[in-house]
Number of protein chains: 2
Amino acid sequence: MLDHPIIQGRGFRNVEDAGQVTGFSFQLRNPNYRGGAASLLDGIEVVVDGERIPDHVPLWTLQGRTLTVEQLRMSTDVRWQLDEPATITVPKPGGLAPGVHSLEVTVHLRRSYFPPPIARSQLTAARKLVLVPPAQDGGIRYGVSTYSYTGDIYTVMTLEDVLADVADLGASGIEILGEGNVPSYPAPDAAWVDSWHRLLERYRLTATNFGSWVDTTRWHDRDLTVEEGAEQLRLDLRLAKELGFTSMRPKFGVVSWDLDPHPIWKGAVERSLDLAAELDVVICPEIHAPTPIKHPVTQAYIDFIARTGTEHFKLLIDTGIFQTAPVLENAEDLGTDDEDEIPPPLRALAVPMADLVEVLPHTHFIQAKFFEIDDRLQDLHVPWADIVPTLERAGWTGWLSSEYEGRREPYRGSDQVRRQHALIRTLARKEAQ
Amino acid sequence: MLDHPIIQGRGFRNVEDAGQVTGFSFQLRNPNYRGGAASLLDGIEVVVDGERIPDHVPLWTLQGRTLTVEQLRMSTDVRWQLDEPATITVPKPGGLAPGVHSLEVTVHLRRSYFPPPIARSQLTAARKLVLVPPAQDGGIRYGVSTYSYTGDIYTVMTLEDVLADVADLGASGIEILGEGNVPSYPAPDAAWVDSWHRLLERYRLTATNFGSWVDTTRWHDRDLTVEEGAEQLRLDLRLAKELGFTSMRPKFGVVSWDLDPHPIWKGAVERSLDLAAELDVVICPEIHAPTPIKHPVTQAYIDFIARTGTEHFKLLIDTGIFQTAPVLENAEDLGTDDEDEIPPPLRALAVPMADLVEVLPHTHFIQAKFFEIDDRLQDLHVPWADIVPTLERAGWTGWLSSEYEGRREPYRGSDQVRRQHALIRTLARKEAQ
């Protein structure tokens with residue numbers, strides 16, 4: 001699907017010619033109600049961050065052909081279809097800096113069926129777009145979880161659109177939710193499994209982590225048994241493997257405000273470890289606020305690793321535990337913005353970096369949980385300027401997988417994930433220098 | 001695609017049992033970020049127009065099975081997938097009246113990974129939905145144009161979703177825009193043509209009118225020739241026929257504020273009449289504001305019919321000519337809401353019904369143009385209470401094809417078209433009594 005906004009979120013990037021950045025490009029869906037011959041196009045004015053580029057300057061790419069306005073006017077067999085975005089390329093030596101940019105466009109179109117004095121009509125659109133710098137080789141690996149697109153997936157984006165989005169922002173890992181993104185879970189048909197592998201190939205993405213749930217309250221009249229929990233884990237391990245994933249995060253039911261996992265966790269995992277080893281899929285319990293790193297829950301996982309000596313049970317850290325500010329939407333829901341009045345489970349945990357360093361050897365995967373990054377690439381809650389250098393200095397080379405959890409307005413997840421990657425990669429580059 | 005709002009626009013209807021209306025049903029997409037076992041569902045409270053239905057009363061349909069909450073709790077192999085809406089059936093003898101209804105829902109869900117005191121969690125949603133009464137047999141035929149979904153099609157709805165929408169509201173005709181809804185126009189591939197026919201069959205829709213444009217300013221340095229205009233018409237006639245359409249509306253470029261068509265129209269149509277007859281596709285020039293019925297443009301079309309004696313050139317009326325109020329959005333654009341200051345082309349034409357009656361024998365198709373219908377099913381601009389009885393009394397049995405042209409907010413076209421059909425069919429029923 002195309003984005004509903006005329007200016008598309010995907011496709012915004014600097015363009016190079018012979019190793020020099022010569023400008024930038026972006027994509028636009030046809031703002032008219034019909035498609036038409038490209039010869040009816042009469043230029044596009046672009047205003048980027050207040051700088052005006054006259055309407056005859058940008059180049060148009062349609063049906064794989066890149067043309068000037070003059071060439072469009074003379075064209076006889078080029079069209080702007082309603083279901084095909086145009087790529088607009090704007091010359092600008094040096095291009096644009098990573099981050100959020102304001103774009104305004106005015107498309108000029110000759111409409112034969114308008115009275116002649118107004119037949120050269122204007123169609124305008126504006127949107128903020130995020131330019132993401134390429135990821136550097138080595139070090140942290142960049143991924144995105146489909147969770148970031150909650151509400152948008154299956155409504156304004158297909159699963160393929162999500163993968164296209166992830167590839168477009170220069171990430172290479174894709175994390176999914178088993179009971180969410182696998183049609184007919186737990187038994188997808190073979191054709192779907194094939195199409196999944198084709199999508200990974202098409203978008204050059206690596207399947208990273210597979211989200212699994214062990215719903216201990218699945219039955220209304222009794223708790224799940226150890227064996228039922230193990231069955232769920234083994235089912236998801238097999239499915240994860242079939243889809244190319246190398247780790248699986250089981251979310252066990254909890255029995256306390258501290259998120260102590262249901263006691264079946266240990267037995268269920270133990271009964272699944274052989275299969276995990278056989279499939280080479282790492283089971284990753286999640287360290288998630290309000291449970292910090294220095295806590296009996298985390299310690300129990302580390303003790304389990306030590307006791308079993310397994311290579312297939314490691315930690316997954318959710319970066320919500322590093323929050324230095326609570327999420328205001330929640331605080332507003334509670335009718336207060338006084339931090340002392342916020343119930344403890346919602347307060348910012350602000351786990352220190354030293355604690356992270358201590359458990360990094362046991363940490364397989366990081367879910368880069370976040371809620372809002374503003375136009376200046378400031379995260380309002382999560383201290384990336386502390387986290388990224390900590391990971392880089394420790395030489396940690398696992399996946400950092402974006403988990404946007406802010407407001408669920410259409411396309412907001414997509415935009416926010418781009419902001420997060422722009423921010424984190426900029427910090428990683430600084431650290432590398 | 002599913003609607004982004006949790007409560008879906010399609011699927012809202014009264015339900016019958018043994019000839020009695022026993023309640024109503026609607027569809028809901030999973031409001032959670034993941035799918036899950038249906039045994040975790042703990043009821044749904046529904047408030048319709050302020051009337052509360054307790055959470056244990058509504059029935060759930062998932063994977064084709066209709067279950068009570070108790071049955072859901074006991075179920076072992078039913079799931080609420082993220083990509084599959086649930087149908088909720090609410091007992092209510094007599095059902096709901098045609099028109100706009102306010103729905104609020106609270107889904108109760110046991111979430112194992114929430115601390116026990118809050119693990120029975122609530123997910124809420126609200127939306128206004130439109131109940132459309134069935135169309136009566138005979139008389140006016142009800143269709144919808146894809147134009148109504150401008151901005152939504154290819155972004156939040158596929159073409160198939162549009163057809164599903166049209167069928168769901170009980171219309172039987174589908175009108176499309178050639179240069180808009182035919183991928184790779186003017187040469188769709190055979191697979192697409194096949195899929196189009198399959199969609200018509202699946203949704204039991206009849207292809208009605210095919211929108212065509214003769215862009216007389218297609219070349220920037222000269223006007224289109226008569227032969228080029230005829231080529232365009234013949235191309236679209238063949239494509240319309242291939243896709244099963246029985247009429248084609250060419251929109252010629254114009255040369256005046258009165259929308260006088262470019263003089264090539266006559267020659268281009270004459271050179272296409274034999275083909276139109278051979279294919280049995282009726283060419284329908286559009287009578288569109290600011291051109292009324294009593295006007296040289298309309299008269300020229302009627303004279304053309306008389307002179308040629310053709311059966312394949314007839315009028316298409318756009319109901320914008322009957323507007324009794326100007327469209328306020330436009331007036332606001334002009335910086336005034338004083339009707340005298342509105343430029344003549346945008347004023348309400350208010351063509352009298354007597355003029356319509358006079359040309360009905362020449363009228364093949366009516367585009368039911370409209371802009372806004374409020375919650376009480378009042379159209380703010382177009383006098384349906386005059387138009388519908390006029391058509392019924394004249395025994396006119398052509399297609400009335402919805403053309404929503406109001407604000408392009410996502411899903412608004414879909415909702416407004418349902419309102420229009422609820423309004424028009426209610427008027428048609430009154431007239432029939």
Side-chain angles (χ1 to χ4, degrees), chain A residues 1-5 29 33-37 39-40 42 73-74 79 81-83 110-117 119 147 150-158 177-181 183-185 211 213-221 224 251-259 262 345 410, chain B residues 1-5 29 33-37 39-40 42 73-74 79 81-83 110-117 119 147 150-158 177-181 183-185 211 213-221 224 251-259 262 345 410:
Chain A
M1 308 301 284
L2 299 169
D3 285 1
H4 195 277
R29 73 171 171 89
Y33 66 91
R34 56 168 282 215
S39 61
L40 292 163
D42 228 20
R73 278 188 196 140
M74 315 277 278
R79 296 183 52 79
Q81 309 284 19
L82 219 51
D83 58 355
R110 291 199 312 283
R111 293 207 258 197
S112 309
Y113 48 88
F114 274 22
Y147 179 76
T150 292
D152 286 1
I153 191 165
Y154 308 124
T155 60
V156 301
M157 299 175 87
T158 62
L177 314 179
E179 300 192 49
N181 309 127
S184 303
Y185 175 96
W213 286 265
V214 182
D215 292 314
T216 46
T217 63
R218 174 164 178 177
W219 312 122
H220 72 288
D221 51 357
L224 216 62
K251 204 171 182 81
F252 277 89
V254 303
V255 296
S256 71
W257 280 107
D258 269 10
L259 306 191
H262 191 285
Chain B
M1 309 298 287
L2 298 169
D3 286 2
H4 195 278
R29 72 171 172 89
Y33 67 90
R34 56 167 283 215
S39 61
L40 293 163
D42 229 19
R73 277 188 196 139
M74 314 278 276
R79 297 182 51 77
Q81 309 285 21
L82 220 50
D83 58 356
R110 291 199 311 283
R111 293 206 258 197
S112 308
Y113 48 88
F114 274 23
Y147 179 77
T150 292
D152 286 1
I153 190 164
Y154 309 125
T155 61
V156 302
M157 299 175 88
T158 62
L177 314 179
E179 301 193 49
N181 308 127
S184 303
Y185 174 96
W213 287 265
V214 182
D215 292 314
T216 46
T217 63
R218 174 164 177 178
W219 312 120
H220 73 289
D221 52 357
L224 215 63
K251 205 172 181 78
F252 276 89
V254 303
V255 295
S256 71
W257 279 108
D258 268 12
L259 307 190
H262 191 286

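Only a predicted model underlies this, so the values are computations on that prediction, with no experimental measurement involved. Labels below follow one simple rule: chain letters A, B, ... track the order of the sequence lines, proteins then strands, and each chain is numbered from 1.
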Inset, instruction - Would you mind telling me which of B/Q81, B/R111, B/K251, B/R218 has the largest number of heavy-atom pairs within less than 4.5 Å of chain A? - result: B/R218

Inset, instruction - Using modelled atom types only, decide if a donor and an acceptor are shared between the side chain of B/R29 and the backbone of B/H4 within a distance under 3.5 Å. - result: yes

Legend entry - Nearest heavy atoms of B/N181 and B/I153, plus distance in Å: ND2-CD1, 3.6 Å

Legend entry - Residues which pass salt bridge (charged side-chain N to carboxylate O under 4.0 Å, His left out) with A/D42, listed by chain and number, not counting sequence neighbours: A/R73, A/R110, A/R120

Legend entry - Option in B/A37, B/P117, B/G151 with maximal non-hydrogen atom pairs under 4.5 Å from chain A: B/G151

Legend entry - Side chain / backbone / both / neither for A/W219 at chain B, heavy atoms under 4.5 Å: both

Inset, instruction - Give, as side chain, backbone, both or neither, the part of B/D221 having an atom under 4.5 angstrom from any heavy atom of chain A. - result: neither

Legend entry - Winner by heavy-atom pair count (cut-off under 4.5 Å) against chain A, out of B/G36, B/G178, B/G180, B/A119: B/G180

Inset, instruction - For B/T150, enumerate each residue passing the side chain to side chain contact (heavy atoms under 4.5 Å, CB included) test, keeping only those at least two apart in sequence or located in another chain. - result: A/Y33, B/Y147, B/R408

Legend entry - Heavy-atom pair count under 4.5 Å with chain A, highest-scoring of B/P115, B/G253, B/S184: B/P115

Inset, instruction - Flag the one option from B/L82, B/T158, B/T217, B/L177 with the top tally of heavy-atom pairs under 4.5 Å to chain A. - result: B/T217

Legend entry - Gap separating the OH atom of B/Y113 from the CG atom of A/L259, nearest 0.5 angstrom: 12.0 Å

Inset, instruction - Check whether A/D258 gets within reach of chain B through its side chain, its backbone, both or neither, counting any heavy atom under 4.5 Å. - result: neither

Inset, instruction - With rounding to the nearest 0.5 Å, note down the distance linking CD in A/E179 to CG in A/D215. - result: 6.0 Å

Legend entry - Greatest number of heavy atom pairs closer than 4.5 Å to chain B - which of A/Y154, A/W213, A/F114: A/W213

Legend entry - Structural part of B/T216 lying under 4.5 Å from a heavy atom of chain A: both

Inset, instruction - Can you tell which part of B/P5 gets under 4.5 Å to a heavy atom of chain A, answering side chain, backbone, both or neither? - result: neither

Legend entry - Shortest non-hydrogen contact from A/S256 toward B/P116: N-CD, 3.8 Å

Inset, instruction - Side chain from CB out, backbone as N, CA, C, O: work out which of these in A/D3 comes under 4.5 Å of a heavy atom of chain B, or both, or neither. - result: backbone

Inset, instruction - Report, as yes or no, whether the 6.0 Å neighbourhood of atom CE on B/M1 holds more than 12 heavy atoms from other residues, nucleotides or ligands. - result: yes

